[in-house]
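Worksheet: one structure, shown below.
Below, chains carry the letters A, B, ... as their sequence lines are ordered, and counting in each starts from 1. These values consider heavy atoms only, across backbone and side chains, with no hydrogens, waters or symmetry-generated copies.
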Protein chains: 2
Amino acid sequence: MNDPSLTDGRAQVTPLHPGAGETLTEAAYRSLRNDLVRGRHAPGERLRIERLRRLYDVGPTPLREALQRLSAEGLVRADGNRGFTASPLDLADFDDLNTARSAVEREALRLAIARGDELWEAQVVSAAYLIGKADRAIASERTVQPEGVAQPDGTADGLLDHWEAANAAFHRATVAACGSNWLLRIREGLHTQCERYRRASIYRRRGKRDLAAEHQEIAAAVLERDADLACTLVTAHFAATAGDLALELGKAQ
Amino acid sequence: MNDPSLTDGRAQVTPLHPGAGETLTEAAYRSLRNDLVRGRHAPGERLRIERLRRLYDVGPTPLREALQRLSAEGLVRADGNRGFTASPLDLADFDDLNTARSAVEREALRLAIARGDELWEAQVVSAAYLIGKADRAIASERTVQPEGVAQPDGTADGLLDHWEAANAAFHRATVAACGSNWLLRIREGLHTQCERYRRASIYRRRGKRDLAAEHQEIAAAVLERDADLACTLVTAHFAATAGDLALELGKAQ
DNA sequence: ACAAAATGAAACTGGTGACATTCCGCCACG
DNA sequence: CGTGGCGGAATGTCACCAGTTTCATTTTGT
């Protein structure tokens, strides 16, 4: 069924492996989203069914359904009779995205701080510990490498993946106790969008910031139940990343 | 092609009429969403492809794709290998939904009040005028009808549709100038969800409230650029509706 | 002769229908 | 009470068709 000699060296994509009792549509959705967030499908690139069919080794039906779901989320655009396109990265859209994300995150954070219990606190502590390690790992890895190298692709990608996962987990933990599944769901979608923008940049900013310190400050404010401070810090945290990326994207354009 | 004698008197659904250069998938999406919001597919009801195929007179492919999109929005649930289901109405979920909606609406409102220009103001005035008329129409229609009648279906449905449209347009107008498409998009989705809950109730609450007054107060606060007041009013406005519906749904359960 | 518009063909998307396969739930049977 | 088919539905593939877009070519006007 699967011809291993046919892996087609050029385009690396996440292979489908549908877990038990999982639909091919769901698997295709996950793989596609993964690859879109990582930029394996370039922003603006047309996503032709026939090509995707070969890349992911599925029929057109699960692909089309997955793409429809992704278009509802905003990662893909479905235009009239012209098929699907990976959503382009746009500076104005990014700004917009950040105000929305900040707003939702703040609200969720306030609610979580108001409602969270001990278990929630413990999970924040745990996530803070992990993101702290990831922050330092990234920072030290950077000092080892010469200035402007910033591996173009593939080399230390695992580290970046790990940091992104830890970062997502940390921020998710802080708001987990907010009590509104809708807020959490929306927040998750906005986070994914932001991650896509983040990964598209070269992460040159790292030198200028002490991410570990920022994260620990946020964690401290959360654990002290200082909602105002936590919101201020998170807003600044997001805005700093946004500013750096905007700078980079702005230059590129 | 279309057999008019086959309209199948029982289940009334929105017929598909794909506008020029529009995909059948999009048309199916619109019709399905419309019918889901109006409760023409009962909450929790299984949405079997074969049945929908006959109801809407389309092939299975556009239907499945439309349902995938709707499941991303939360109007439909797609469970494993058991097909699609109209999302159930749940009291806890409704509460959750309202906190999320209030939060997003407040944020958008603040931004709009900060950024809106004259044209925006004018459109708020216009929308306020229209919702005012709709509010009074509903109120007067209610006094004409005897107490507990509340037409079960089909009779004065047009009035209700008109009110819902005007209500949506009014609240949309107040936040239109917020400048964040993401916020607007999220807000729209949450509004749709709430409308579904609203329409599921019998609208008995109307007697107890002066909706026209509430809407005009909100409009006034917005036009005076009093963000704090506007947010307070809108939050109360939503909470009142939510409370009434929760009461009704609670009784039903 | 050259640029712009019109034409035509190829490619692709969107959609249908039939069929294979897999999975779930149920019922009968041990 | 467990278990093993069994029917039906959902998922997915394939082949095929219709309508659009797109691109290259041809035609036309100056």
Side-chain angles (χ1 to χ4, degrees), chain A residues 1-3 6 11 13-32 41-42 44-72 75-88, chain B residues 1-3 6 11 13-33 41-42 44-72 75-87:
Chain A
M1 207 71 61
N2 269 320
D3 186 344
L6 191 77
V13 297
T14 312
L16 263 65
H17 66 98
E22 202 189 20
T23 294
L24 274 192
T25 297
E26 297 170 46
Y29 166 77
R30 276 216 323 264
S31 292
L32 271 170
H41 303 291
E45 177 183 310
R46 296 200 58 181
L47 302 170
R48 296 224 170 84
I49 299 291
E50 185 52 32
R51 181 166 151 269
L52 297 180
R53 221 180 67 69
R54 277 194 293 267
L55 281 178
Y56 292 94
D57 190 31
V58 255
T61 312
L63 278 176
R64 295 189 55 81
E65 292 180 15
L67 287 169
Q68 290 286 356
R69 258 171 75 167
L70 289 165
S71 91
L75 280 171
V76 157
R77 267 185 24 204
D79 348 55
N81 279 323
R82 295 207 305 266
F84 299 92
T85 313
S87 290
Chain B
M1 206 71 61
N2 269 321
D3 186 344
L6 192 76
V13 296
T14 311
L16 263 65
H17 66 97
E22 201 190 19
T23 295
L24 275 192
T25 298
E26 297 169 47
Y29 166 77
R30 276 216 322 265
S31 293
L32 271 169
R33 192 180 60 175
H41 302 291
E45 178 182 312
R46 297 200 58 180
L47 302 170
R48 295 222 170 80
I49 299 292
E50 185 52 33
R51 181 167 151 268
L52 296 180
R53 223 180 64 69
R54 277 195 292 266
L55 281 178
Y56 291 94
D57 191 31
V58 256
T61 312
L63 278 176
R64 294 189 55 83
E65 292 181 15
L67 287 169
Q68 290 286 357
R69 261 170 72 167
L70 289 165
S71 90
L75 280 170
V76 157
R77 266 184 26 203
D79 352 50
N81 280 322
R82 296 208 307 267
F84 299 92
T85 312
S87 290

Could you walk me through whether B:Leu47 and B:Leu32 pass side-chain contact (heavy atoms from CB on, under 4.5 Å), step by step?
CA-CA 10 Å; B:Leu47 302 170; B:Leu32 271 169; 5.6 Å; no
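Ion pairing between a basic and an acidic side chain is recognised when a charged N comes within 4.0 Å of a carboxylate O; A:Glu26 and A:Arg30 show no such pairing.
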Could you run down nucleotides 13-24 of chain C 5' to 3' and tag each one B, S or - for protein heavy-atom contact under 4.0 Å?
SSSBS-----SS
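Among B:Arg69, B:Gln68, B:Glu65, B:Arg64, the single residue meeting the side chain to side chain donor-acceptor pair (under 3.5 Å) criterion with B:Thr25 is B:Glu65. Just one residue in the list B:Arg48, B:Arg46, B:Arg54 forms a salt bridge (charged side-chain N to carboxylate O under 4.0 Å, His left out) with B:Glu50, and that residue is B:Arg54.
Under a 3.5 Å cut-off, the side chain of A:Arg53 and the backbone N or O of A:Leu63 do not form any donor-acceptor pair.
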